[in-house]
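In the text below, chain A, chain B and the rest are named by the order of the sequence lines, each starting its count at 1.
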Amino acid sequence: MSNVRVRFAPSPTGFFHIGSARTALFNWLYARHTGGTFVLRIEDTDKERNTDEALKVLLDGMKWMGMDWDEGPDVGGPYGPYFQSQRQPIYDEYLKKLEDAGRTYEKDGAIWFKLEGERYTAYDDYLKAEIEKVKAEPVIIDDAVRGRVERAEEKDFVLVRKDGSPVFHFVNVVDDIAMGITHVIRGEDHLSNTSKHVELFKAFGVEPPKFAHIPLILKEEGSGKMSKRDKGALIEEYESRGFLAAAVRNYISLLGWNPKDEREKMDIGEIIELFDFPGINKGNSRFDEKKLSALNAEYLRELNIESFSFLARPLLNEAGVVNEEVDEDYLQAVLTLCQPKARSLDTLSELCGYFFLEDYSMDEKTGGKIAKKTDPKELLSEVLPILQSIEKFDAESLKTALETHAEDNNQKVFAYFPALRYATSGQGGGPDLLPMLAVMGRERVINRIQRFIG
RNA sequence: CUCCCGUUCGUCUAGCCCGGUCUAGGACACCUGGUUUUCAUCCAGGCAACAGGGGUUCGAAUCCCCUACGGGAGGCCA
């Protein structure tokens, strides 16, 4: 095991945001790539929002994506506790170090961090107030993604609030020191704050970890980064919509990282092997659900029919298309026809609902088109006796029988197809017609045709 | 208002560090054609980008500067 120690430090908010998921994923990938340790640390300082339910959403999301953690909730570890709410003694201890070093002072009931440098008073246009500023030495960050970044803090900042609770910047740095974190991989939104963090590391006399600030995920349309209200922003949404975890994970890993060749669809082992900082992009990337869907469809087609059915059944059930009584053999026969055309599991019910339900809707456009050219009722009356009397109701026999009939009537066999499809499914398109009829079975097909003829 | 980061087809990106092999490659989307009874599959083809301006150089997508645009941060939020 290498000495790399990375961490994902989410705040449980009740949902698992795609940006957080990717930060977690990149940390996890880096840990697995290097043989290091992946730490999960819960920043649960906001008592209002931090319910057990919120934590569960987060942990479930991590697990669904296939990420495991070497230290953290449920598994423990030598650097615990892994909940910030339980680490107060550690924060007290580290605060004392800063106090002893003369790097803190009290103001308005809060404890502030004191920057080093010449002090002056100036009007701050952002705070809209006259405040004390500091000419501090710029901090130099050697970022694994961005290279050298230089930035100077110019204002002291709060470490501990009036109510005694420590702020994010402080606990984050303390925990990273206490937990021996070697690489901090996080979103670019933290880059500007990194100068604060480095000031703290220096004040503690500790060498800062290696930083890697990854680009942000921008919303599909409009401006700004993905926010929880945007479509596709929540991991649990993909889970409930029947997206495959492997596909989502593959897609997200490609947002801001790539293997430098033309590979896109990669299994997780391959991604772990290839993942490293040089492959991470600097520019933000825009979320594209179409591309995710395309990748998901590729994964879907690879599934064997048993797995496909296993995943599809609950969603079809939820859509009211199948129930527990639907025979697994019949379900699999139907899905075998539909799988190659499926792009996601959640649209499957529209694709194949008519195999199960008698009140399938009739597509009027298709109906009109067919009626314009032929008389579908008449055509169906012609072939109905054949369907009733044919010995074996399979695709091959149907083909032979219908072709013979067509020839006898000086017709092309295809003349009957649109009407047959329309009467039995209400659709203009779908799987190959004859296998479709065979799967539906004689009884169902005949009933539907009789009902159609009226 | 200040600071930080970024900018290659509509989108994700390769190429950039180490200038010539780039008439800029791939994928998704889109369009056309093929296959198919049909279609949401499949196959083939096509459309489409170096943000702008200056400089360095024999030569710049690649190096430097400026501008524009995009993103982020500046909180007793995380």
Does rC28(B) have its OP1 or OP2 closer than 4.0 Å to a side-chain nitrogen or oxygen of S293(A)?
no

Take the protein atom NZ of K369(A) and the nucleotide atom C1' of rU38(B), then report the distance between them rounded to whole Å.
9 Å

Could you walk me through whether E302(A) and K265(A) pass salt bridge (charged side-chain N to carboxylate O under 4.0 Å, His left out), step by step?
CA-CA 12 Å; E302(A) 270 183 3; K265(A) 185 166 174 296; 2.7 Å; yes

Please state whether the base of rA27(B) and the side chain of K291(A) form at least one donor-acceptor pair under 3.5 Å?
yes

Looking at every strand, decide which applies to A110(A) at a 4.0 Å heavy-atom threshold: base, sugar-phosphate, or nothing.
base

Taking rG75(B), rC28(B), rG70(B) as options, the one with an atom nearest any side-chain atom of S223(A) is rG70(B)

Starting the side chain at C-beta, find the nucleotide from rG26(B), rA78(B), rA14(B) nearest to E264(A).
rG26(B)

Base, sugar-phosphate or nothing for P215(A)? Non-hydrogen atoms, less than 4.0 Å.
nothing

Think N172(A) has a side-chain N or O under 4.0 angstrom from the OP1 or OP2 of rA78(B)?
no

Which pairs, protein N/O on one side and nucleotides 2-10 of chain B N/O on the other, fall under 3.5 Å?
from, atom 1, to, atom 2, distance (Å)
rC3(B), O2', R151(A), NE, 3.3
rC5(B), O2', R146(A), NH1, 2.4
rC5(B), O2', E188(A), OE2, 3.4

Rounded distance (Å) that lies between atom P of rA40(B) and atom CD of Q339(A)
19 Å

With respect to the side chain of D432(A), which nucleotide from rU38(B), rC1(B), rG72(B) is positioned closest?
rU38(B)

Separation of rG74(B) C1' from H197(A) NE2 (nearest whole Å):
13 Å

rA78(B) base to H169(A) side chain: any donor-acceptor pair below 3.5 Å?
yes

Which part of the nucleic acid, if any, lies within reach of H213(A) when heavy atoms closer than 4.0 Å are counted: base, sugar-phosphate only, or nothing?
nothing

Please report the distance separating the P of rG20(B) from the corresponding atom of rG15(B), rounded so that it comes out in whole Å.
13 Å

Roughly how many Å apart are rA60(B) and rC42(B), using the C1' atom of each and rounding to a whole number?
43 Å

Rounded interatomic separation in angstrom, taking CG from L127(A) and C1' from rC77(B)
15 Å

Regarding K128(A), tell me which of base, sugar-phosphate or nothing describes its non-hydrogen contacts under 4.0 Å with the strands shown.
nothing

